[in-house]
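Data block below; observations after.
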Protein chains: 2
Amino acid sequence: MTAKTPAAKTSRTPKVPVPGKATINDIARLAGVSKKTVSRVINDSPLVKPDTRAKVHALMREYGYAPDPQARGLAFRRSFLIGLVFDNPTAQYIVNIQYGVLDALRDSGYELVVHPCDSKSEGYVDGIRRFVQQQKLHGVILIPRVSEDEALAEALRAIDCRYVRIASVAMDEPGRMLVTHDRSAGAEAANYLESLGHRRIGLITGPKRYRSSIERGEGFVDALAKRGIQVPPERIYEGGYTFESGVAGAEQLLARPDRPTAIFACNDEMAAGVYKAAQRMGISIPGELSVVGYDDSPLASQLWPALSTIRLPVRDVGRQAAGLLLTQDAAPAAVMTAVTPHLVARDSCLPPQAV
Amino acid sequence: MTAKTPAAKTSRTPKVPVPGKATINDIARLAGVSKKTVSRVINDSPLVKPDTRAKVHALMREYGYAPDPQARGLAFRRSFLIGLVFDNPTAQYIVNIQYGVLDALRDSGYELVVHPCDSKSEGYVDGIRRFVQQQKLHGVILIPRVSEDEALAEALRAIDCRYVRIASVAMDEPGRMLVTHDRSAGAEAANYLESLGHRRIGLITGPKRYRSSIERGEGFVDALAKRGIQVPPERIYEGGYTFESGVAGAEQLLARPDRPTAIFACNDEMAAGVYKAAQRMGISIPGELSVVGYDDSPLASQLWPALSTIRLPVRDVGRQAAGLLLTQDAAPAAVMTAVTPHLVARDSCLPPQAV
DNA sequence: CTGAAAGCGCTTACAG
DNA sequence: CTGAAAGCGCTTACAG
């Protein structure tokens, strides 16, 4: 204890913090500055002399120091957690969003907490509010269908909680929206089938309570109308985004005398249902029936023939949504952020047979 | 300020905490006890007079008080977060585990933080260690394949981190394991096919680096052997748990002169590949070929004919794993916890044709 | 059964 | 550009 030489040679003195266990006090002492200065370095304050900053940074690296998120959170009166709130989309969608969000969160000091909910249950908004308040979340990312619920958005604003809504149309200010433009993808599917020569075209939509379903269906019908093709009500079937509803829809549409030569199903699961119905009825795909789906789920490329479908880069959606959330305070987005879905043409469509 | 009557009548005084914003100090003051006593109530200490406890509880409810997890965590020197660490299983598996874990965590005060990783990358164990240490996690749940990595388990033990491993065989002490018994399910598939009368039976396994693949395959082969049926090497194909590898495997197995009358694919994706190959080769299922899969993925019931497969209640797995983690300190599990998979017979199997 | 003091590891507000 | 004091909302260790 008499030596005045720089310690750390005798490695086990209580003065040398264990890697991964150092605190702001250790770094401050080692650097010969106050902890407030270390705090400034942590928070990238410009009010630190470059030399001091460099020295502190070096020490932080040397001891593998990372500030304790809980202590920081307590002082900041908020946590470094982002909530992912979702109702009941497909597993693939949830997981891809998670991967994307985590891409954006990597090395940011933020972590992702998952929070499923049931938007049909009484008081689900209260549940989310409690979650946000208790965890003092930095913000939440809202996936369809909860993202489409204005009451939830309103409740979050009321408690001053940052959020980003992922939805098929802009329904909030730019900083709080990530738009997926389902309508234009519906139109792309329509134009594709029209350009192949199809004129009698059927549509299987999702449930009306999903905005995506409306957008996809309307985009499809409107685009066909622009090219002079009408889709009469009897060629539209409202499905439930499920395989079974796809089967039922196709059976109904294909039983008609003026049977359609092409069907657009608003998701891949229902498109798979169309395959099954067609197989049962002895209608060959793509020879006698062209099919377009939506989602590009793993299923799509496994069907036989491989399904032409709409692909949305969901991981990008997650990444950008998280990016918006993190920059919401610093650089409030001025222009609406969007990720655009596109058609992936595979083997399920052909020009209609000349009958 | 002169009134000595119980306040709260004039509702807006600074003495009355806003709902959802009360602190331990507010509750203590309102109850006329010290915050330490409130703390005892929060932590279910027996050292509180029933009357006092009741009064504090009432106040907590009235003001919607919930202790701040960050403050609590800081004082406890650990957080109330559970980490879910996974490499790359199917989306459906990940999501079901998440639902299950959250079932168990509900109202426990713990939250779930997701942490994907790449077990093939250099230093992935370090990444997980940093995650655990920085967040001061209460514990982590490990899903295959990372759950099978002894080096990771060792590293977690070294930093004194609670964990539960989900795997197909017991590879750790009871309190830290949730076993899924893939071997017995493989045997069940074997016995089913044998009892239908099949004798020439093919097997498409997963990659050898997955313990589940080995267990399923060996369980299948051993069970057949017990009933006097050999599966020669040329009737075993090592797939990659992917659709394409299922196609390739089936094409090879079905091209042989003594073509099998039944195939067991070690997951549903590969079983779907078998369907595709069979369709291409003009072999009808189940008439000329019986198929059994594994996982009971959504795919299974959408295939035509519906796939007979092994079903593991994955959500239960997640729930029980989380349960183990939460009770690890209090009641260290003495006996190995298991969730058992079972065959779901659908339409893809029939006795072999008498040719 | 209950409480006053000190501390967890950070930050805010203030002062210089 | 830097720091000493007080505080975020809890708990531990100690005392009674």
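Reminder, nothing fancy here: chain letters follow the sequence lines and each chain counts from 1.
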(request) Answer yes or no: does a side-chain N or O of B/Thr52 lie under 4.0 Å from OP1 or OP2 of C/dC1? (result) no

(message) Strictly below 4.0 Å: does A/Thr37 bring a side-chain N or O up to OP1 or OP2 of D/dG3?
(response) yes

(request) Could you list the residues that satisfy side-chain hydrogen bond (donor to acceptor under 3.5 Å, both in side chains) with B/Arg106, not counting sequence neighbours? (result) B/Asp103

(message) The criterion is side-chain hydrogen bond (donor to acceptor under 3.5 Å, both in side chains); which residues satisfy it with B/Arg129, sequence neighbours excluded?
(response) B/Asp126

(message) Strictly under 4.0 angstrom, non-hydrogen atoms only: write out the protein contact profile of nucleotides 7-16 of chain C, one letter per nucleotide from the 5' end, B, S or -.
(response) BBBBBB----

(request) Give me the one residue out of B/Ile27, B/Thr52, B/Thr23 that meets side chain to side chain contact (heavy atoms under 4.5 Å, CB included) with B/Val38. (result) B/Ile27

(request) Considering only NZ, NE, NH1 and NH2 on the basic side and carboxylate oxygens on the acidic side, decide whether B/Glu150 and B/Arg165 come within less than 4.0 Å. (result) yes

(message) Side chains of A/Tyr99 and A/Arg319 only: does a donor on one sit below 3.5 Å from an acceptor on the other?
(response) no

Scan the side chains in residues 67-75 of chain A for donor-acceptor partners under 3.5 Å anywhere in the protein, sequence neighbours excluded, and list what turns up.
unit_1	atom_1	unit_2	atom_2	d
A/Asp68	OD1	A/Gln70	N	2.6
A/Asp68	OD1	A/Ala71	N	3.3
A/Asp68	OD2	B/Lys136	NZ	2.4
A/Gln70	NE2	B/Arg78	O	3.3
A/Arg72	NH1	A/Asn43	OD1	2.7

(request) Taking Watson-Crick and G-U wobble pairs with both distances under 3.5 Å, convert DNA chain D into its dot-bracket string, 5' to 3', dots for unpaired and | for cross-strand pairs. (result) |||.||||||||.|||

(message) Determine whether a donor-acceptor pair (N or O, by modelled atom type, separation under 3.5 Å) exists between the side chain of B/Thr327 and the backbone of B/Ala330.
(response) no

Could you list the donor-acceptor pairs under 3.5 angstrom formed by side chains in residues 114-124 of chain A, with sequence neighbours left out?
unit_1	atom_1	unit_2	atom_2	d
A/Asp118	OD1	A/Lys120	N	2.9
A/Ser119	OG	A/Asp87	OD2	2.4
A/Ser119	OG	A/Arg209	NH2	3.4
A/Ser121	OG	A/Asp118	O	3.1
A/Tyr124	OH	A/Asp149	OD2	2.5

